[in-house]
Student: 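Handing you this structure, nothing more for now.
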Amino acid sequence: MSVDSDRLADMFVDLGEARAAHLVSVSVERLEDLMASLDLAVSQVRPGDCVDLVGQIRALGDSLGLIGLSIAARGVSRAVQTGDPVAVAATMERLRRIAQRSFRIAAELQHRSG
């Protein structure tokens, strides 16, 4: 998984360890909510909602330095826009795997920050 470690480090320096850890925690909760909403939008074939939700996931990934998450979300957006259900399923599965890794990274950061 691609992580911009400089961006994460800067966030911890700028905000302080406790505030940065809290921000990561809140962001992970938001990511979980967005992923659940995206799963629903995909299952109901609502492309407009999918593109909007993916945009929010990308922005969240970018803000936390989770480059892989942003790239995977971009892939879902492209697949949704083509209307190819096989591509949507494949890119969603990749996004889910990367989101799970993001959750683990965030948990590790919280554990380290105490």
Side-chain angles (χ1 to χ4, degrees):
M1 166 148 188
S2 301
V3 176
D4 183 344
S5 56
D6 289 339
R7 182 171 296 181
L8 276 174
D10 288 346
M11 182 175 64
F12 274 78
V13 168
D14 292 345
L15 297 176
E17 198 168 313
R19 287 181 60 204
H22 177 72
L23 177 63
V24 168
S25 175
V26 169
S27 297
V28 166
E29 289 174 15
R30 178 70 180 137
L31 177 58
E32 289 172 335
D33 291 343
L34 288 169
M35 288 297 298
S37 296
L38 180 59
D39 280 332
L40 181 62
V42 166
S43 72
Q44 295 178 345
V45 190
R46 297 186 337 242
D49 291 345
C50 291
V51 170
D52 176 56
L53 290 163
V54 167
Q56 292 179 56
I57 291 169
R58 284 182 61 195
L60 189 60
D62 288 343
S63 70
L64 294 174
L66 300 173
I67 300 164
L69 184 69
S70 297
I71 291 169
R74 188 176 312 126
V76 172
S77 182
R78 287 183 189 135
V80 165
Q81 291 171 11
T82 67
D84 179 351
V86 174
V88 171
T91 56
M92 278 296 297
E93 188 55 37
R94 180 173 184 255
L95 180 59
R96 283 185 199 100
R97 283 192 314 270
I98 291 175
Q100 285 300 317
R101 289 184 205 144
S102 299
F103 300 149
R104 286 193 296 269
I105 289 171
E108 180 63 26
L109 287 172
Q110 289 173 318
H111 176 71
R112 286 182 187 178
S113 67

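Small disclaimer: the values here were computed from a predicted structure and weren't measured.
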Student: For Ser70 versus Asp62, what's the shortest heavy-atom pair and its separation?
Tutor: OG-OD1, 2.6 Å
Student: Which value, rounded to the nearest 0.5 Å, describes the distance between Arg58 atom CZ and Leu34 atom CG?
Tutor: 14.0 Å
Student: Please name all residues satisfying side chain to side chain contact (heavy atoms under 4.5 Å, CB included) with Leu40, sequence neighbours left out, ordered by chain then number.
Tutor: Ser43, Gln44, Arg46
Student: Using modelled atom types only, decide if a donor and an acceptor are shared between the side chain of Ser77 and the backbone of Val51 within a distance under 3.5 Å.
Tutor: no
Student: Nearest 0.5 Å, please: how far is CE in Met35 from CG in Asp39?
Tutor: 5.5 Å
Student: What are the two closest non-hydrogen atoms of Ala79 and Thr91, and how far apart are they?
Tutor: CB-OG1, 3.6 Å
Student: Which pair of non-hydrogen atoms, one from Leu53 and one from Ala41, has the smallest distance, and what is that distance?
Tutor: CD1-CB, 4.0 Å
Student: Answer whether the closest heavy-atom distance between the side chains of Arg101 and Leu66 falls below 4.5 Å.
Tutor: no
Student: What distance separates Leu38 CG from Met92 CE, expressed to the nearest 0.5 Å?
Tutor: 4.0 Å
Student: Is a side-chain N or O of Ser37 found less than 3.5 angstrom from the main chain of Asp33, in a donor-acceptor match?
Tutor: yes
Student: Can you see which heavy atom on Ala20 is nearest to which on Met11, and at what distance?
Tutor: CB-O, 3.9 Å
Student: Honestly curious: do Val45 and Leu95 fall in one hydrophobic cluster under the side-chain, below-4.5 Å linking rule?
Tutor: no
Student: Any chance you could measure Gln100, atom CD, to Ile98, atom CD1, to the nearest 0.5 Å?
Tutor: 11.5 Å
Student: More than 12 foreign heavy atoms under 6.0 Å from CZ of Arg97: is that the case here?
Tutor: yes
Student: Please report the interatomic distance CG(Leu15) to NE2(His22), rounded to the nearest 0.5 Å.
Tutor: 11.0 Å
Student: Any side-chain heavy atom of Leu64 within less than 4.5 Å of one from Leu69?
Tutor: no
